[in-house]
Number of protein chains: 2
Amino acid sequence: MARVKKELDFSLILAALSRHVDLNAEEQACFCAYLSHRSLKNKELLQREGEVADSTFFVTRGCLRSYSTDEQGLEHVVQFAPPGWWIAELYSVISKRPGTTNIDALEASEVLVMKRSDQEKLFIELPKIERYFRIITENSLVSSRQRIIDSMTLSALERYQAFCKRYPGLIFSLPQKQIASYIGVTPEFFSKMKARF
Amino acid sequence: MARVKKELDFSLILAALSRHVDLNAEEQACFCAYLSHRSLKNKELLQREGEVADSTFFVTRGCLRSYSTDEQGLEHVVQFAPPGWWIAELYSVISKRPGTTNIDALEASEVLVMKRSDQEKLFIELPKIERYFRIITENSLVSSRQRIIDSMTLSALERYQAFCKRYPGLIFSLPQKQIASYIGVTPEFFSKMKARF
DNA sequence: TTGAAAAGTTGATGAAGGTCAATTTGGCAG
DNA sequence: CTGCCAAATTGACCTTCATCAACTTTTCAA
(Lines give C-alpha, C1' and ligand atoms only; values in the text may rest on other atoms or scores of the structure.)
Protein backbone atom coordinates (compact mmCIF):
# COMPACT_ATOMS: atom_id res chain seq x y z
CA MET A 1 0.00 0.00 0.00
CA ALA A 2 1.40 3.35 -1.02
CA ARG A 3 2.22 5.72 1.80
CA VAL A 4 0.32 8.91 1.08
CA LYS A 5 1.43 12.11 2.75
CA LYS A 6 -1.37 13.07 5.07
CA GLU A 7 -2.84 16.49 4.41
CA LEU A 8 -3.07 18.34 7.69
CA ASP A 9 -6.37 19.99 8.46
CA PHE A 10 -5.68 23.56 9.48
CA SER A 11 -9.26 24.79 9.22
CA LEU A 12 -9.94 24.69 12.95
CA ILE A 13 -6.77 26.48 13.97
CA LEU A 14 -7.13 29.12 11.26
CA ALA A 15 -10.68 29.77 12.39
CA ALA A 16 -9.39 30.18 15.96
CA LEU A 17 -6.74 32.65 14.80
CA SER A 18 -9.21 34.64 12.71
CA ARG A 19 -11.31 35.30 15.79
CA HIS A 20 -8.55 37.63 17.05
CA VAL A 21 -6.28 38.65 14.14
CA ASP A 22 -6.57 38.99 10.36
CA LEU A 23 -4.04 37.01 8.36
CA ASN A 24 -3.80 36.92 4.59
CA ALA A 25 -3.23 33.65 2.77
CA GLU A 26 0.52 34.07 2.79
CA GLU A 27 0.64 34.74 6.51
CA GLN A 28 -1.61 31.78 7.17
CA ALA A 29 0.71 29.56 5.15
CA CYS A 30 3.71 30.92 7.05
CA PHE A 31 2.04 30.13 10.36
CA CYS A 32 0.95 26.65 9.34
CA ALA A 33 4.42 25.80 8.07
CA TYR A 34 5.58 25.69 11.67
CA LEU A 35 2.97 23.19 12.80
CA SER A 36 3.35 19.46 12.91
CA HIS A 37 0.78 16.82 13.68
CA ARG A 38 0.48 14.10 16.26
CA SER A 39 -2.11 11.41 16.92
CA LEU A 40 -2.70 10.15 20.44
CA LYS A 41 -4.28 6.97 21.66
CA ASN A 42 -6.65 6.98 24.61
CA LYS A 43 -4.66 7.64 27.82
CA GLU A 44 -1.46 8.39 25.92
CA LEU A 45 0.85 10.78 27.78
CA LEU A 46 1.95 13.89 25.88
CA GLN A 47 3.90 15.54 28.66
CA ARG A 48 5.29 13.86 31.76
CA GLU A 49 5.95 15.60 35.07
CA GLY A 50 9.69 16.10 35.51
CA GLU A 51 10.43 16.45 31.82
CA VAL A 52 11.11 19.75 30.07
CA ALA A 53 8.30 20.73 27.71
CA ASP A 54 9.16 22.54 24.49
CA SER A 55 5.80 22.63 22.71
CA THR A 56 2.29 23.94 22.88
CA PHE A 57 -0.58 21.84 21.52
CA PHE A 58 -3.74 22.72 19.65
CA VAL A 59 -6.41 20.04 19.86
CA THR A 60 -8.19 19.15 16.62
CA ARG A 61 -9.95 15.95 17.74
CA GLY A 62 -10.69 14.16 20.99
CA CYS A 63 -9.94 15.69 24.38
CA LEU A 64 -6.78 16.25 26.43
CA ARG A 65 -6.30 17.22 30.06
CA SER A 66 -3.47 18.57 32.14
CA TYR A 67 -3.25 17.41 35.72
CA SER A 68 -1.06 17.48 38.77
CA THR A 69 -0.36 14.48 41.00
CA ASP A 70 -0.09 15.09 44.74
CA GLU A 71 2.11 13.23 47.23
CA GLN A 72 -0.71 10.76 47.92
CA GLY A 73 -0.85 9.93 44.22
CA LEU A 74 -4.19 11.66 43.67
CA GLU A 75 -4.69 13.45 40.35
CA HIS A 76 -6.02 17.01 40.15
CA VAL A 77 -7.22 18.28 36.78
CA VAL A 78 -5.89 21.73 35.86
CA GLN A 79 -7.46 22.03 32.42
CA PHE A 80 -9.51 20.15 29.86
CA ALA A 81 -8.80 20.80 26.18
CA PRO A 82 -11.50 19.76 23.68
CA PRO A 83 -11.09 20.53 19.95
CA GLY A 84 -10.26 24.19 19.29
CA TRP A 85 -8.35 24.66 22.56
CA TRP A 86 -4.67 25.10 23.26
CA ILE A 87 -2.94 23.20 26.05
CA ALA A 88 0.65 23.24 27.32
CA GLU A 89 2.82 22.83 30.38
CA LEU A 90 3.36 26.57 30.24
CA TYR A 91 5.59 26.77 33.29
CA SER A 92 8.05 24.36 31.73
CA VAL A 93 7.78 25.83 28.22
CA ILE A 94 8.58 29.32 29.51
CA SER A 95 11.23 28.47 32.08
CA LYS A 96 12.75 25.49 30.25
CA ARG A 97 12.80 23.70 33.61
CA PRO A 98 11.20 20.32 34.37
CA GLY A 99 7.42 20.53 34.39
CA THR A 100 5.25 19.81 37.42
CA THR A 101 2.12 18.63 35.60
CA ASN A 102 1.18 15.94 33.11
CA ILE A 103 -0.83 16.13 29.90
CA ASP A 104 -2.63 13.11 28.51
CA ALA A 105 -5.48 12.15 26.20
CA LEU A 106 -8.88 11.25 27.66
CA GLU A 107 -9.79 9.56 24.38
CA ALA A 108 -8.19 9.03 20.95
CA SER A 109 -7.11 12.52 19.94
CA GLU A 110 -5.20 14.59 17.41
CA VAL A 111 -3.17 17.71 18.02
CA LEU A 112 -1.14 20.26 16.11
CA VAL A 113 2.25 20.84 17.69
CA MET A 114 4.01 24.19 17.88
CA LYS A 115 7.54 24.20 19.26
CA ARG A 116 8.40 27.14 21.47
CA SER A 117 11.46 27.96 19.39
CA ASP A 118 9.28 28.15 16.28
CA GLN A 119 6.68 30.15 18.12
CA GLU A 120 9.32 32.70 19.06
CA LYS A 121 10.48 32.93 15.45
CA LEU A 122 6.88 33.58 14.44
CA PHE A 123 6.55 36.29 17.08
CA ILE A 124 9.34 38.17 15.29
CA GLU A 125 8.32 37.33 11.72
CA LEU A 126 4.60 37.95 12.21
CA PRO A 127 3.75 40.32 15.05
CA LYS A 128 0.10 39.44 14.56
CA ILE A 129 0.89 35.98 15.87
CA GLU A 130 2.37 37.45 19.01
CA ARG A 131 -0.80 39.55 19.29
CA TYR A 132 -2.93 36.44 18.95
CA PHE A 133 -1.08 34.66 21.74
CA ARG A 134 -1.08 37.80 23.89
CA ILE A 135 -4.85 37.93 23.58
CA ILE A 136 -5.57 34.27 24.27
CA THR A 137 -3.15 34.34 27.19
CA GLU A 138 -5.01 37.32 28.66
CA ASN A 139 -8.27 35.42 28.26
CA SER A 140 -6.80 32.33 29.93
CA LEU A 141 -5.60 34.47 32.81
CA VAL A 142 -9.09 35.87 33.31
CA SER A 143 -10.56 32.35 33.37
CA SER A 144 -7.88 31.10 35.71
CA ARG A 145 -8.47 33.95 38.17
CA GLN A 146 -12.20 33.37 38.02
CA ARG A 147 -11.61 29.76 38.94
CA ILE A 148 -9.58 30.88 41.97
CA ILE A 149 -12.44 33.14 43.04
CA ASP A 150 -14.92 30.30 42.51
CA SER A 151 -12.82 27.95 44.65
CA MET A 152 -12.92 30.48 47.50
CA THR A 153 -16.54 31.62 47.25
CA LEU A 154 -18.58 28.70 45.93
CA SER A 155 -19.63 25.38 47.45
CA ALA A 156 -18.82 22.15 45.61
CA LEU A 157 -22.34 22.05 44.19
CA GLU A 158 -22.11 25.62 42.93
CA ARG A 159 -18.73 24.92 41.34
CA TYR A 160 -20.29 21.95 39.56
CA GLN A 161 -23.12 24.12 38.27
CA ALA A 162 -20.60 26.74 37.12
CA PHE A 163 -18.66 23.99 35.34
CA CYS A 164 -21.80 22.78 33.57
CA LYS A 165 -22.50 26.29 32.33
CA ARG A 166 -18.99 26.98 31.16
CA TYR A 167 -18.30 23.61 29.49
CA PRO A 168 -21.73 22.29 28.51
CA GLY A 169 -20.32 19.85 25.99
CA LEU A 170 -17.94 18.18 28.37
CA ILE A 171 -20.45 16.95 30.94
CA PHE A 172 -21.58 14.18 28.67
CA SER A 173 -18.28 13.10 27.23
CA LEU A 174 -16.18 12.99 30.41
CA PRO A 175 -16.16 10.34 33.14
CA GLN A 176 -17.52 12.06 36.21
CA LYS A 177 -14.41 11.32 38.22
CA GLN A 178 -12.59 13.72 35.89
CA ILE A 179 -15.15 16.42 36.53
CA ALA A 180 -14.95 15.75 40.28
CA SER A 181 -11.20 16.18 40.07
CA TYR A 182 -11.56 19.46 38.17
CA ILE A 183 -13.96 21.02 40.66
CA GLY A 184 -11.84 19.76 43.55
CA VAL A 185 -13.84 17.02 45.29
CA THR A 186 -13.51 13.24 45.59
CA PRO A 187 -15.47 10.99 43.22
CA GLU A 188 -17.38 9.65 46.25
CA PHE A 189 -18.50 13.08 47.39
CA PHE A 190 -19.34 14.07 43.83
CA SER A 191 -21.62 11.08 43.50
CA LYS A 192 -23.42 11.86 46.77
CA MET A 193 -23.76 15.50 45.81
CA LYS A 194 -25.40 14.61 42.51
CA ALA A 195 -27.77 12.19 44.27
CA ARG A 196 -28.96 15.05 46.51
CA PHE A 197 -29.48 17.19 43.36
CA MET B 1 3.41 78.33 47.57
CA ALA B 2 4.15 77.82 43.90
CA ARG B 3 2.62 74.73 42.33
CA VAL B 4 5.52 72.80 40.85
CA LYS B 5 4.83 70.18 38.22
CA LYS B 6 5.72 66.88 39.77
CA GLU B 7 8.36 64.89 37.90
CA LEU B 8 7.14 61.35 37.56
CA ASP B 9 9.52 58.63 38.58
CA PHE B 10 9.71 56.07 35.80
CA SER B 11 12.79 54.27 37.06
CA LEU B 12 10.89 51.33 38.57
CA ILE B 13 8.71 50.69 35.54
CA LEU B 14 11.61 51.04 33.10
CA ALA B 15 13.58 48.55 35.15
CA ALA B 16 10.61 46.16 35.01
CA LEU B 17 10.40 46.54 31.23
CA SER B 18 14.11 46.04 30.74
CA ARG B 19 13.90 42.64 32.38
CA HIS B 20 12.05 41.36 29.31
CA VAL B 21 12.65 43.71 26.35
CA ASP B 22 15.34 46.18 25.27
CA LEU B 23 14.11 49.70 24.61
CA ASN B 24 16.27 52.60 23.49
CA ALA B 25 15.85 56.05 25.04
CA GLU B 26 13.36 57.15 22.43
CA GLU B 27 11.20 54.07 22.86
CA GLN B 28 11.29 54.48 26.61
CA ALA B 29 10.12 58.06 26.24
CA CYS B 30 7.36 56.98 23.90
CA PHE B 31 6.18 54.41 26.40
CA CYS B 32 6.30 56.78 29.37
CA ALA B 33 4.39 59.45 27.47
CA TYR B 34 1.30 57.29 27.79
CA LEU B 35 1.49 56.97 31.55
CA SER B 36 -0.19 59.17 34.09
CA HIS B 37 0.15 59.21 37.84
CA ARG B 38 -2.24 58.77 40.72
CA SER B 39 -1.81 58.90 44.49
CA LEU B 40 -4.05 56.85 46.72
CA LYS B 41 -4.87 57.21 50.39
CA ASN B 42 -5.08 54.19 52.63
CA LYS B 43 -8.22 52.16 51.77
CA GLU B 44 -8.97 54.28 48.71
CA LEU B 45 -10.87 52.37 46.04
CA LEU B 46 -9.34 52.38 42.56
CA GLN B 47 -11.84 50.09 40.88
CA ARG B 48 -15.33 49.27 42.10
CA GLU B 49 -17.23 46.08 41.29
CA GLY B 50 -19.92 46.81 38.73
CA GLU B 51 -18.00 49.58 37.00
CA VAL B 52 -16.19 49.21 33.70
CA ALA B 53 -12.41 49.38 34.08
CA ASP B 54 -10.34 50.99 31.34
CA SER B 55 -6.87 51.05 32.90
CA THR B 56 -4.06 48.89 34.17
CA PHE B 57 -1.98 50.08 37.13
CA PHE B 58 1.70 49.80 37.94
CA VAL B 59 2.46 50.24 41.64
CA THR B 60 5.40 52.48 42.54
CA ARG B 61 4.76 52.87 46.28
CA GLY B 62 2.59 51.26 48.93
CA CYS B 63 0.50 48.15 48.24
CA LEU B 64 -2.76 47.47 46.43
CA ARG B 65 -5.00 44.43 46.39
CA SER B 66 -7.78 43.13 44.21
CA TYR B 67 -10.59 41.24 45.89
CA SER B 68 -13.97 39.76 45.31
CA THR B 69 -16.93 40.11 47.67
CA ASP B 70 -19.24 37.10 48.09
CA GLU B 71 -22.98 37.16 48.74
CA GLN B 72 -22.36 37.08 52.52
CA GLY B 73 -20.23 40.21 52.21
CA LEU B 74 -16.95 38.43 52.87
CA GLU B 75 -13.90 39.63 50.96
CA HIS B 76 -11.56 37.25 49.13
CA VAL B 77 -8.17 38.55 48.02
CA VAL B 78 -7.29 37.71 44.42
CA GLN B 79 -3.94 39.50 44.24
CA PHE B 80 -1.59 41.73 46.20
CA ALA B 81 0.44 44.32 44.27
CA PRO B 82 3.49 45.77 46.04
CA PRO B 83 5.81 48.20 44.22
CA GLY B 84 6.98 46.87 40.85
CA TRP B 85 3.78 44.89 40.19
CA TRP B 86 0.94 45.43 37.77
CA ILE B 87 -2.68 45.13 38.82
CA ALA B 88 -5.95 45.46 36.92
CA GLU B 89 -9.53 44.22 36.69
CA LEU B 90 -8.45 42.37 33.57
CA TYR B 91 -11.83 40.81 32.86
CA SER B 92 -13.43 44.23 32.67
CA VAL B 93 -10.52 45.86 30.81
CA ILE B 94 -10.64 43.19 28.10
CA SER B 95 -14.38 42.75 27.77
CA LYS B 96 -15.38 46.36 28.51
CA ARG B 97 -18.12 44.94 30.70
CA PRO B 98 -18.72 45.75 34.38
CA GLY B 99 -16.01 44.26 36.58
CA THR B 100 -16.66 41.68 39.29
CA THR B 101 -13.80 42.57 41.62
CA ASN B 102 -12.55 45.61 43.49
CA ILE B 103 -9.10 47.14 43.73
CA ASP B 104 -8.08 49.25 46.69
CA ALA B 105 -5.00 50.47 48.55
CA LEU B 106 -3.88 48.69 51.72
CA GLU B 107 -1.79 51.75 52.64
CA ALA B 108 -0.97 55.13 51.10
CA SER B 109 0.18 54.25 47.59
CA GLU B 110 1.17 55.61 44.20
CA VAL B 111 0.50 54.10 40.82
CA LEU B 112 1.21 54.76 37.17
CA VAL B 113 -1.92 54.48 35.06
CA MET B 114 -2.05 53.04 31.56
CA LYS B 115 -5.36 53.29 29.72
CA ARG B 116 -6.28 50.27 27.63
CA SER B 117 -6.81 52.43 24.55
CA ASP B 118 -3.28 53.83 24.93
CA GLN B 119 -1.88 50.38 25.60
CA GLU B 120 -3.41 49.17 22.35
CA LYS B 121 -1.86 52.09 20.47
CA LEU B 122 1.49 51.16 21.97
CA PHE B 123 1.05 47.53 20.91
CA ILE B 124 0.92 48.77 17.30
CA GLU B 125 3.53 51.51 17.58
CA LEU B 126 6.04 49.46 19.56
CA PRO B 127 5.70 45.71 19.13
CA LYS B 128 8.22 45.27 21.92
CA ILE B 129 5.61 46.59 24.33
CA GLU B 130 3.17 43.98 23.16
CA ARG B 131 5.94 41.42 23.67
CA TYR B 132 6.51 42.69 27.19
CA PHE B 133 2.85 42.32 28.10
CA ARG B 134 2.64 38.94 26.37
CA ILE B 135 5.50 37.74 28.54
CA ILE B 136 4.24 39.08 31.87
CA THR B 137 0.77 37.78 31.09
CA GLU B 138 2.24 34.32 30.46
CA ASN B 139 4.05 34.54 33.79
CA SER B 140 0.89 35.63 35.59
CA LEU B 141 -0.98 32.71 34.06
CA VAL B 142 1.64 30.28 35.34
CA SER B 143 1.34 31.74 38.86
CA SER B 144 -2.42 31.71 38.74
CA ARG B 145 -2.51 28.07 37.69
CA GLN B 146 -0.04 27.16 40.41
CA ARG B 147 -2.34 28.79 42.93
CA ILE B 148 -5.23 26.65 41.66
CA ILE B 149 -3.10 23.54 42.08
CA ASP B 150 -2.07 24.66 45.57
CA SER B 151 -5.69 25.20 46.57
CA MET B 152 -6.50 21.63 45.53
CA THR B 153 -3.44 19.85 46.89
CA LEU B 154 -2.25 21.77 49.96
CA SER B 155 -3.67 22.22 53.46
CA ALA B 156 -4.23 25.72 54.83
CA LEU B 157 -0.93 25.55 56.70
CA GLU B 158 0.96 24.48 53.59
CA ARG B 159 -0.66 27.26 51.57
CA TYR B 160 0.48 29.71 54.21
CA GLN B 161 4.03 28.38 54.02
CA ALA B 162 3.93 28.62 50.23
CA PHE B 163 2.73 32.21 50.55
CA CYS B 164 5.58 33.07 52.90
CA LYS B 165 8.08 31.67 50.43
CA ARG B 166 6.62 33.39 47.40
CA TYR B 167 5.99 36.81 48.99
CA PRO B 168 8.52 37.07 51.82
CA GLY B 169 8.25 40.85 52.06
CA LEU B 170 4.49 40.92 52.46
CA ILE B 171 4.19 38.83 55.61
CA PHE B 172 5.41 41.70 57.75
CA SER B 173 3.63 44.58 56.10
CA LEU B 174 0.15 43.08 55.72
CA PRO B 175 -2.54 42.64 58.39
CA GLN B 176 -2.89 38.91 58.86
CA LYS B 177 -6.59 38.97 58.00
CA GLN B 178 -5.51 39.94 54.47
CA ILE B 179 -3.16 36.98 54.28
CA ALA B 180 -5.88 34.71 55.67
CA SER B 181 -8.22 35.96 52.95
CA TYR B 182 -5.60 35.31 50.25
CA ILE B 183 -4.93 31.74 51.29
CA GLY B 184 -8.65 31.10 51.70
CA VAL B 185 -9.32 30.70 55.44
CA THR B 186 -11.09 32.79 58.08
CA PRO B 187 -9.06 35.14 60.30
CA GLU B 188 -10.05 33.00 63.30
CA PHE B 189 -8.78 29.79 61.79
CA PHE B 190 -5.64 31.53 60.59
CA SER B 191 -4.91 32.69 64.13
CA LYS B 192 -5.39 29.21 65.60
CA MET B 193 -3.27 27.69 62.85
CA LYS B 194 -0.38 30.04 63.62
CA ALA B 195 -0.71 29.31 67.36
CA ARG B 196 -0.21 25.59 66.63
CA PHE B 197 2.86 26.43 64.47
C1' DT C 1 -2.98 61.19 76.03
C1' DT C 2 -7.00 58.77 75.55
C1' DG C 3 -10.73 56.21 73.89
C1' DA C 4 -13.17 53.99 70.27
C1' DA C 5 -12.70 51.06 66.31
C1' DA C 6 -10.23 47.55 64.06
C1' DA C 7 -7.42 43.52 64.45
C1' DG C 8 -6.27 39.49 66.70
C1' DT C 9 -7.16 35.54 70.08
C1' DT C 10 -9.61 31.78 72.19
C1' DG C 11 -13.28 28.37 73.01
C1' DA C 12 -17.57 25.72 71.96
C1' DT C 13 -20.11 23.92 68.40
C1' DG C 14 -21.36 22.55 63.67
C1' DA C 15 -21.13 21.79 58.59
C1' DA C 16 -18.69 20.48 54.37
C1' DG C 17 -16.31 17.33 52.53
C1' DG C 18 -12.68 13.32 52.99
C1' DT C 19 -11.52 8.33 53.90
C1' DC C 20 -12.25 3.62 53.79
C1' DA C 21 -14.76 -0.36 52.70
C1' DA C 22 -18.42 -2.92 50.47
C1' DT C 23 -21.33 -3.31 46.59
C1' DT C 24 -23.31 -2.35 41.99
C1' DT C 25 -23.08 -0.87 37.31
C1' DG C 26 -21.12 -0.38 32.87
C1' DG C 27 -17.80 -0.85 28.92
C1' DC C 28 -15.51 -3.61 26.17
C1' DA C 29 -11.75 -7.30 24.82
C1' DG C 30 -11.76 -11.85 23.75
C1' DC D 1 -22.03 -13.80 25.19
C1' DT D 2 -18.84 -13.83 28.97
C1' DG D 3 -15.72 -12.15 32.12
C1' DC D 4 -13.05 -8.66 33.86
C1' DC D 5 -11.70 -4.12 35.16
C1' DA D 6 -12.83 0.61 35.76
C1' DA D 7 -16.37 3.71 37.20
C1' DA D 8 -19.98 4.81 40.14
C1' DT D 9 -22.70 4.29 44.38
C1' DT D 10 -23.65 3.96 49.24
C1' DG D 11 -22.84 3.99 54.26
C1' DA D 12 -20.12 4.69 58.63
C1' DC D 13 -16.96 7.40 60.50
C1' DC D 14 -13.39 11.17 60.65
C1' DT D 15 -10.80 15.69 59.71
C1' DT D 16 -10.57 20.28 58.49
C1' DC D 17 -12.15 24.40 58.72
C1' DA D 18 -16.35 27.77 59.50
C1' DT D 19 -19.38 30.12 62.67
C1' DC D 20 -20.50 32.67 66.57
C1' DA D 21 -19.50 34.84 70.72
C1' DA D 22 -16.56 36.75 74.27
C1' DC D 23 -12.49 38.81 75.23
C1' DT D 24 -7.75 41.16 74.58
C1' DT D 25 -4.53 43.87 72.05
C1' DT D 26 -3.24 47.32 68.74
C1' DT D 27 -3.91 51.41 66.11
C1' DC D 28 -4.62 55.92 65.42
C1' DA D 29 -7.39 60.21 65.30
C1' DA D 30 -9.16 63.80 68.27
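Letters go in sequence order (proteins before strands), and every chain restarts at 1.
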4.5 Å side-chain heavy-atom contact, A/Asn102 and A/Gln47: no

Is any side-chain heavy atom of A/Phe123 less than 4.5 Å from a side-chain heavy atom of A/Phe133? yes

Does a side-chain N-to-carboxylate-O contact under 4.0 Å join B/Arg134 and B/Glu138? yes

In whole angstroms, the gap separating P of C/dG17 from NZ of A/Lys194 amounts to 17 Å

Over all strands shown, is B/Glu188 touching base, sugar-phosphate only, or nothing at heavy-atom distances under 4.0 angstrom? base

Quick check on C/dA7: is either OP1 or OP2 less than 4.0 Å from any side-chain nitrogen or oxygen of B/Lys177? yes

Please tell me if the side chains of A/Glu110 and A/His37 come closer than 4.5 Å, counting only heavy atoms from C-beta onward. yes

OP1 or OP2 of C/dA7 under 4.0 Å from side-chain N/O of B/Gln178: no

With nearest nucleotide decided by heavy atoms, which residue, B/Leu154 or A/Pro187, maps closer to the 5′ end of DNA chain D? A/Pro187

Looking at B/Asp150 and B/Arg145, is any side-chain nitrogen of the basic one under 4.0 Å from a carboxylate oxygen of the acidic one? no

Less than 4.0 Å between a side-chain N and a carboxylate O, is that true for B/Arg97 and B/Glu51? no

Terminal contacting nucleotides, 5' and 3', DNA chain D versus chain A (heavy atom, 4.0 Å): D/dA7 to D/dA12

Closest to the side chain of B/Lys192, out of C/dA12, C/dG8, C/dT19, is C/dA12

May I ask you to decide whether B/Arg116 forms a salt bridge with B/Glu120, counting only side-chain N to carboxylate O separations under 4.0 Å? yes

Check the distance between C/dT10's P and B/Phe190's CZ and give it to me in whole angstrom. 14 Å

In this structure, how many angstroms lie between the P atom of C/dG14 and the CZ atom of B/Phe189, rounded? 19 Å

Can you find a heavy atom in the side chain of B/Thr60 that is under 4.5 Å from one in the side chain of B/Leu112? yes

Cation over ring, A/Arg19 on A/Tyr132, under 6.0 Å and within 45°? no

Please report the distance, rounded to the nearest Å, between CZ in B/Arg196 and P in C/dT9. 13 Å

Please work out if A/Gln72 contacts a base, only the sugar-phosphate, or nothing of the nucleic acid, heavy-atom cut-off 4.0 Å. sugar-phosphate

Tell me which residues in residues 41-49 of chain B put a heavy atom below 4.0 Å from DNA chain D, sorted by number, or none. none

